[in-house]
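Below, each value reflects all heavy atoms present in this structure, side chains not excepted, and no hydrogens, waters or symmetry copies.
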There are 2 protein chains.
Amino acid sequence: MTMAQKNVLKYIILGLLAHRELAGYDIKKLFEEELGDFWYSNHSQIYPELRHMEDDGLISSRTELVGKKLEKKFYQITKSGQQLLSAWMHEPLSQPVPTRDDFTMKLYLLDSAADPLTRQLFQEEIARHEEKYQYLQARWQLLFADEEARQKHFGHRCILQQAILREKQRLDWLRQELKNLPVQQ
Amino acid sequence: MTMAQKNVLKYIILGLLAHRELAGYDIKKLFEEELGDFWYSNHSQIYPELRHMEDDGLISSRTELVGKKLEKKFYQITKSGQQLLSAWMHEPLSQPVPTRDDFTMKLYLLDSAADPLTRQLFQEEIARHEEKYQYLQARWQLLFADEEARQKHFGHRCILQQAILREKQRLDWLRQELKNLPVQQ
DNA sequence: TTTGGCATGTAAGCCGTTACATGATTTA
DNA sequence: TAAATCATGTAACGGCTTACATGCCAAA
């Protein structure tokens, strides 16, 4: 009954192509550079998916020459693709999935707060999220420092801001818990 | 290089068995009732994994009769299993994976805050997280209402508390953003 | 001219979901 | 006695990762 993750990559690609035409490599780059914190797919998944979508008539393509021999294949969304994208955008959100986060699971499996591993685990998790927090803030500065940019790219601003807040909240909680751990000698 | 999620289920099972012996069905129940927000596996994955782990000598088993015919197979962790579990617990945490959350992706793909879909999306996401927030708080009341219980089950208390805070923070942010959306007529 | 990035592809395997399947036991 | 739950299993399939593979182009 749940349905869960039914080829979401397809809709992501449609959504990206709805803004402008892109080649497979461009999509790969978007995942690596701009979207990586929220969605990622390998090129080995992207290229076959694109051809499959073209077979289904959701997208069309044209080939452009880069240099003298290298061909770059740009894809455009079709009417049919736009309809499918719109249908997905209007579909109810799927149920939240388990976090499957290894820190969380290791923490759960610990017997007591006094276990030396506990402190180590918290410290490691803090370092991991501190790094991410810094990285996300740097991206915010880079992308949305000025008011003008904040007006454009509404969706992008939104999700980046939410990600930053999430990291901050998690760091606060982690540091609080670490402080309350029993001291070992 | 990344390694990421290398059969974590195996270690979860080892961690659970480190506390007490369990049958496959018990593990399934734990995922459904106690752990479902953080980890979940279907029984069709659990049972083959258990037999595989027994073949590898990580766990052993004994069979108990329920009623007159029904056999229940209890598994215990072995020395070898304890060693592997400990090694995993000491392993560095894996890198955070992309959220792959459909709300986040839909939001990113929206062109502007003025799109009627935006408001609808926020409202739906709020409802989704409100429900989860209520559910998690009910679980907290049920499990950790009294001080005594809070001392035991350290790990469980920790991750439940963090999950509640996470939902709360997300709800606050969602409501704030919704308030700031341009009004439509 | 060499190195790194551009550009696209195939294939194996793992993890997880869904569905199919069977039968016993307990509870209402 | 019927329905719900206990208890365990197999099989098909899809999504994602990893590895293998090829060749062109731009910049140092």
Side-chain angles (χ1 to χ4, degrees), chain A residues 1-13 21-33 35-36 38-56 61-75 94-100 102 105, chain B residues 1-13 21-33 35-36 38-55 61-75 94-95 97-100 102 105:
Chain A
M1 192 65 23
T2 45
M3 174 151 335
Q5 303 264 104
K6 246 186 60 178
N7 203 359
V8 181
L9 173 60
K10 177 164 75 176
Y11 303 106
I12 310 288
I13 290 177
E21 67 166 16
L22 294 165
Y25 194 81
D26 300 329
I27 294 172
K28 167 187 176 289
K29 276 300 190 184
L30 273 173
F31 286 150
E32 280 172 3
E33 287 160 14
L35 269 168
F38 312 104
W39 193 277
Y40 183 81
S41 292
N42 295 287
H43 78 273
S44 57
Q45 201 182 353
I46 295 167
Y47 289 117
E49 185 61 41
L50 282 168
R51 257 179 307 157
H52 188 238
M53 289 166 72
E54 190 173 19
D55 291 345
D56 290 348
S61 69
R62 65 177 185 84
T63 298
E64 196 172 285
L65 226 59
V66 180
K68 306 220 159 155
K69 283 186 175 179
L70 191 57
E71 293 191 333
K72 193 170 177 176
K73 200 169 178 182
F74 286 94
Y75 291 93
S94 60
Q95 290 306 306
V97 289
T99 53
R100 281 195 169 111
D102 55 355
M105 287 317 299
Chain B
M1 189 70 21
T2 43
M3 174 150 334
Q5 304 264 103
K6 245 184 62 179
N7 202 0
V8 180
L9 173 60
K10 176 163 75 177
Y11 303 106
I12 310 290
I13 290 177
E21 68 166 15
L22 293 166
Y25 194 80
D26 301 329
I27 294 172
K28 167 189 176 289
K29 277 299 191 184
L30 274 173
F31 286 150
E32 280 171 4
E33 287 160 12
L35 268 167
F38 312 104
W39 193 277
Y40 184 81
S41 291
N42 295 286
H43 78 275
S44 57
Q45 202 181 352
I46 295 167
Y47 290 116
E49 186 61 42
L50 282 168
R51 257 179 307 157
H52 189 236
M53 288 165 73
E54 190 173 19
D55 290 345
S61 69
R62 66 177 185 86
T63 297
E64 194 171 288
L65 225 58
V66 179
K68 308 218 158 156
K69 286 185 173 178
L70 191 56
E71 293 192 333
K72 193 168 176 177
K73 200 169 179 183
F74 286 94
Y75 290 93
S94 60
Q95 288 307 303
V97 289
T99 54
R100 280 194 170 112
D102 54 355
M105 287 317 299

**Asked** For L70(B) and dT26(C), what is the distance between atoms CG and P respectively, to the nearest whole Å?
**Response** 9 Å

**Item:** Pairing of K73(A) and E71(A) as salt bridge, 4.0 angstrom limit
**Value:** no

**Request:** Quickly work out the E33(A) CD to dC6(C) P distance and round it to whole Å.
**Result:** 8 Å

**Message:** Using side-chain contact (heavy atoms from CB on, under 4.5 Å), reason through L50(B) and I46(B) one step at a time and then give a plain yes or no.
**Reply:** CA-CA 6 Å; L50(B) 282 168; I46(B) 295 167; 3.8 Å; yes

**Of the listed nucleotides dT17(D), dT8(D), dG9(C), the one nearest the side chain of Q45(A)** = dT17(D)

**Item:** Side-chain N,O (N42(A)) to OP1/OP2 (dC16(D)) below 4.0 Å
**Value:** no

**Request:** Rounded off to whole Å, could you give me the OH-to-P distance for the Y25(B) and dG9(D) pair?
**Result:** 14 Å

**Prompt:** Which whole-number value in Å describes the distance from K6(B) NZ to dT18(D) P?
**Reply:** 11 Å

**Request:** With heavy atoms under 4.0 Å as the rule, sort K28(A) into base, sugar-phosphate or nothing.
**Result:** nothing

**Request:** Figure out the CD/P separation between E49(B) and dG9(D), and round it to whole Å.
**Result:** 13 Å

**Message:** By nearest atom, which of the nucleotides dT10(C), dC6(C), dT10(D) is closest to the P48(A) side chain?
**Reply:** dT10(C)

**Message:** Both Y40(A) and K69(A) contact DNA chain D. Taking the nearest nucleotide for each, which residue is further toward the 5' end?
**Reply:** Y40(A)

**Request:** Measure the spacing between CG of N7(A) and NE2 of H52(A) and express it to the nearest 0.5 Å.
**Result:** 8.5 Å

**Request:** Looking only at side-chain atoms of R100(B), point me to the closest of dT17(D), dC15(C), dT17(C).
**Result:** dT17(D)

**Request:** Look at all strands and tell whether K73(B) reaches a base, only sugar-phosphate, or nothing, counting heavy atoms closer than 4.0 Å.
**Result:** sugar-phosphate

**Item:** W39(B)/L9(B) under side-chain contact (heavy atoms from CB on, under 4.5 Å): CA gap, chis, key distance, verdict
**Value:** CA-CA 9 Å; W39(B) 193 277; L9(B) 173 60; 4.1 Å; yes

**Message:** Without decimals, in angstroms, what is the distance between Y47(A) OH and dG9(C) C1'?
**Reply:** 8 Å

**Request:** Take atom CD of E32(B) and atom C1' of dT5(D), then tell me their distance rounded to the nearest Å.
**Result:** 11 Å

**Fill in**
Atom NZ of K68(A) and atom C1' of dC6(C) are separated, to the nearest Å, by 18 Å

**Message:** If you assign each of H43(B) and G67(A) to its closest nucleotide in DNA chain D, which residue comes earlier from the 5' end?
**Reply:** H43(B)

**Prompt:** Out of dA19(D), dT10(D), dG9(C), which has the shortest distance to the side chain of R51(A)?
**Reply:** dG9(C)

**Prompt:** Taking 4.0 angstrom as the limit, do E32(B) and K29(B) come out as a salt bridge?
**Reply:** yes

